[in-house]
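Below is one structure, written out as structure tokens; comments come after it.
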Number of protein chains: 4
Amino acid sequence: MKKRYQETLEEIAKELEGVEKQGEVPSYIPELAKVDPSKFGMYLKTLEGEEYEIGDSREKFSIQSISKVLSLSMAISLIGNEVWKRVGVEPSGNPFNSIVQLEYEHGIPRNPFINAGAIVVADILVSQLQDPEAEFLEYVRGLSKNADINYNHSVSKSEKEVGYMNASLAYMMKEKGNLNNSVERVLDFYYLQCSLEMTCAELAEAFRDFGDTGDPFGHGPFTLTSSEARRVNALMLTCGFYDESGEFAFEVGLPGKSGVGGAIVALYPEKYCVSVWSPPLNKKGNSEKGMKALELLTTKIEGSIF
Amino acid sequence: MKKRYQETLEEIAKELEGVEKQGEVPSYIPELAKVDPSKFGMYLKTLEGEEYEIGDSREKFSIQSISKVLSLSMAISLIGNEVWKRVGVEPSGNPFNSIVQLEYEHGIPRNPFINAGAIVVADILVSQLQDPEAEFLEYVRGLSKNADINYNHSVSKSEKEVGYMNASLAYMMKEKGNLNNSVERVLDFYYLQCSLEMTCAELAEAFRDFGDTGDPFGHGPFTLTSSEARRVNALMLTCGFYDESGEFAFEVGLPGKSGVGGAIVALYPEKYCVSVWSPPLNKKGNSEKGMKALELLTTKIEGSIF
Amino acid sequence: MKKRYQETLEEIAKELEGVEKQGEVPSYIPELAKVDPSKFGMYLKTLEGEEYEIGDSREKFSIQSISKVLSLSMAISLIGNEVWKRVGVEPSGNPFNSIVQLEYEHGIPRNPFINAGAIVVADILVSQLQDPEAEFLEYVRGLSKNADINYNHSVSKSEKEVGYMNASLAYMMKEKGNLNNSVERVLDFYYLQCSLEMTCAELAEAFRDFGDTGDPFGHGPFTLTSSEARRVNALMLTCGFYDESGEFAFEVGLPGKSGVGGAIVALYPEKYCVSVWSPPLNKKGNSEKGMKALELLTTKIEGSIF
Amino acid sequence: MKKRYQETLEEIAKELEGVEKQGEVPSYIPELAKVDPSKFGMYLKTLEGEEYEIGDSREKFSIQSISKVLSLSMAISLIGNEVWKRVGVEPSGNPFNSIVQLEYEHGIPRNPFINAGAIVVADILVSQLQDPEAEFLEYVRGLSKNADINYNHSVSKSEKEVGYMNASLAYMMKEKGNLNNSVERVLDFYYLQCSLEMTCAELAEAFRDFGDTGDPFGHGPFTLTSSEARRVNALMLTCGFYDESGEFAFEVGLPGKSGVGGAIVALYPEKYCVSVWSPPLNKKGNSEKGMKALELLTTKIEGSIF
């Protein structure tokens, strides 16, 4: 088996040589625009603890929206089902609709993985924690079993400076009564959370326990029951890839989450967790090569959950 | 194991006594409004062929939207990936948006399980088949291994008479160039397809092969590859319950499809297929008691795919 | 004064030579596509009865949406303010929104000059009149003091055949309960009404009394009070040119109504009524040359009502 | 004539006794919520300079959105038609659509009198003027021929504190590239501009020249041509009353502008300018009693421009 996973990763890397040239590294954040577009790493860890990897799997990158799954988990561990009074569990439809839906649905974002939803989750953490920045960092380090994980304050700062759309969404939710703290405060935390830098190996480690449905998931006092972890998995499957979520479920068939830093993490419950990193993005904002790599993975090792 | 499934069905039936009184039988179709709201049936068949059932599991009802999965399968078997040029694979967001999205997205419905999408699939069958009505019926009888399945022409007729919203959607798609046949012709077939009457046992039999990923799925010349069947499963999970799809994935965690006749069919790939019938609907248009029954099922036998 | 109006029309015709080449004759209706794009006529009649004209001012064309003002007047004469329970008096925003607004606002069109609104008005006439087609024709002949006005059944037929969008809107309103007759019946009358053929001179005659605020407006039993006529004028100013209504008010400053046949009629209350015809349309669906001709008219003879 | 206008104002005041009890003083701004709801003033000045007034016509109130006409005029005087590259001249449809349209139409507000449009106009003034706050105040004082006009900094401050929706709109436009200055800077000026306090008499004086189409309109270097002033009048008619603009044109038939402070100013070109103040608002956000007073005025003195 070990051989098979490793061989598969090598085949994938080979088949996808050059694919990253089809996508584009996002240019709106100077810090992210500087990343070498040819970087490619992939890392797979089974529930039993076997590790397989290829390429730049130990290089740090900005995890961006992938952090939304971790902040959601922390929020659920703190207030449980109260989370779902302020954010939904339904896919969001297309990007065009985001602020329309928010206005129409009284400031309740459709799910915690669109920006508006993650900003509400950030508001929950700001309200619930003494020192949200420090405690969230501690939580992620715990999940990854790695103290060498940090925010990138420079990335966080430049994202906030041009984050007009998020400010627009946040003020809309403030208007509708779904933000308890000031927009400034919440966005400060939100952008810091997104600036976390991790490697493929660290990411897969942090998400691996979501697939271990026998155990509670978490770190320190912040734990989810097995049932709560499964529900987060369901959310990743239905909402993890913006308006390409249906496509990912259809083509890959695993719960997962992407970020504009070019990383994707996905998991097969009870079997393995896999991460991939390649900075150029497709038109929907997901890693061009990363999406293809995971498609190949589940094709080659019949790994869809369906 | 046999004992466990049977006991579980009995427990569920007992726990849910009276729940159907919370929902409402749809009144807009006289034929459906006449159904006894206290009917309740449930049927589970494993991949190995064991059968478990309770209540009115052998009584016929109108399968309505559940037919959309079967017409989709037939369309895929006929033209393969060409289907996806005319209908998407993304969840649809909320009902309010349906016609908005259709207009904004140039007449391409978001997925084949919203009405607009199923009407496009009906248009494909009308174009591809010599005698769509007869051949589709034959196909469903084949999947169910049961010749005693029929359309209800009276239901079909009354639905068409009040189906103004579907006519509005169909004319919009005709305007946008996504219907090749006349609106009249397509809707005639669409309403007939929805009027199919089946029992819980027949439904589960017809859907069971979707979960048998080793075999091709289908009947006669109309077969899907294992990979195509898995993708239909993914679509059921992400889009099978209108704007309650996320909720169903979150609470139940199985691919499935509901219909306004009060039935739901769901499946756990490689394990079992289950169907439930209880006519009163919740506000989202899904069987109130059926949703709860499946929630209990996956809680009691840890059956979520996540 | 006589000399001045005549000179102005001649100046306008000269300045606009060649402008019609910028627009396009609508191609979706074969009958209308055949019209000679270089046709140009203009006709102005004062309240005192003086006539000024130039070019093809005595040639028949399809009045299309201009008929909506006349059907509205007839409806008001029949049921007065009851009209406003089924259709609004607010401008409609942009075309993209039309069916959205209709759905959001429960099937009540924003105003009687968008297609949805005119279809509701047609429904009113179908309900109120014994023989709507004959009586409406008689009404228009009476207003124009001219028995030589007729429908073009061939235009009406070809418009209906490709009128999918109107059918979509009509079925939406039927769904929402704002059409009392069948969609078929109402659209038959609607398309016939739009197919009326008139000359510039006949149009200006038919609309001239809207500007005579001393007199009741109408023909036979179908009369409006002076106050009702003024309100129709206000509606023409705010809603007469689809989503270019604000632009027309801003640039021309007169109440008016355009049609895709390339005609525009406008009036200066208490002073004059003017009509212009040039088939090629601008991007908003209004006569390219006609809009410019009226802009020049009110610039040259300081004729804005503002 | 003098007698007639004065008598009419007295009749109106009498007929409308008690009407203000139907509306509500807006409660979201503490400063405005404190105003006595029974206040009522009306003032009419003819082009020849005759003055007629009744009630609290010399009492100061917050002019709020009425200031948008004055800031627009100043912007036109500074950059002419360049204004229309950044804001449209079409009515906006209903409030629900505001942020949708803004997103769909790339950050270009439909017209300068919806909040988004007025914020763009404020951005223009901030860019064009050395000291926008001082120069705008000077401009308004000049138009009103009255040095005793001032901002209310306390109103401005409390409006800004709860102005989440305006911040949401402004950040959306910043995202779309239609704000050149920072959102903070622009909103500071915008809220100050809205906080101007004037009397009915001062308002009518400031707007009277819009109706004098012989003269250029303005003060000091900030002048509009007669044609530019007429276009502002057309905009007031089509867009001056939020989504009740069509209703106002339909019922009253004069160009005008309302504000949430309860004031309305309207004018009959070449004849008179009239202002009315009564704090309680109807559901559309316009003065309940003010709307009715103007309806009565144009009914009693046949004063519609149509």
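Below, chains carry the letters A, B, ... as their sequence lines are ordered, and counting in each starts from 1.
For B:Glu90 (side chain) and A:Glu247 (main-chain N/O), a donor-acceptor pair under 3.5 Å exists by modelled atom type.
The local environment of CD in B:Glu295 is crowded, with over 12 non-hydrogen atoms from other residues, nucleotides or ligands closer than 6.0 Å.
Of all the heavy atoms in A:Pro269 and B:Ile305, the pair that sits closest is CG-O, 3.9 Å.
Distance CG/A:Leu237 to CZ/B:Phe250: 13.5 Å, rounded to 0.5 Å.
Just one residue in the list A:Asn233, A:Leu267, A:Leu235, A:Val232 forms a side-chain contact (heavy atoms from CB on, under 4.5 Å) with B:Phe306, and that residue is A:Asn233.
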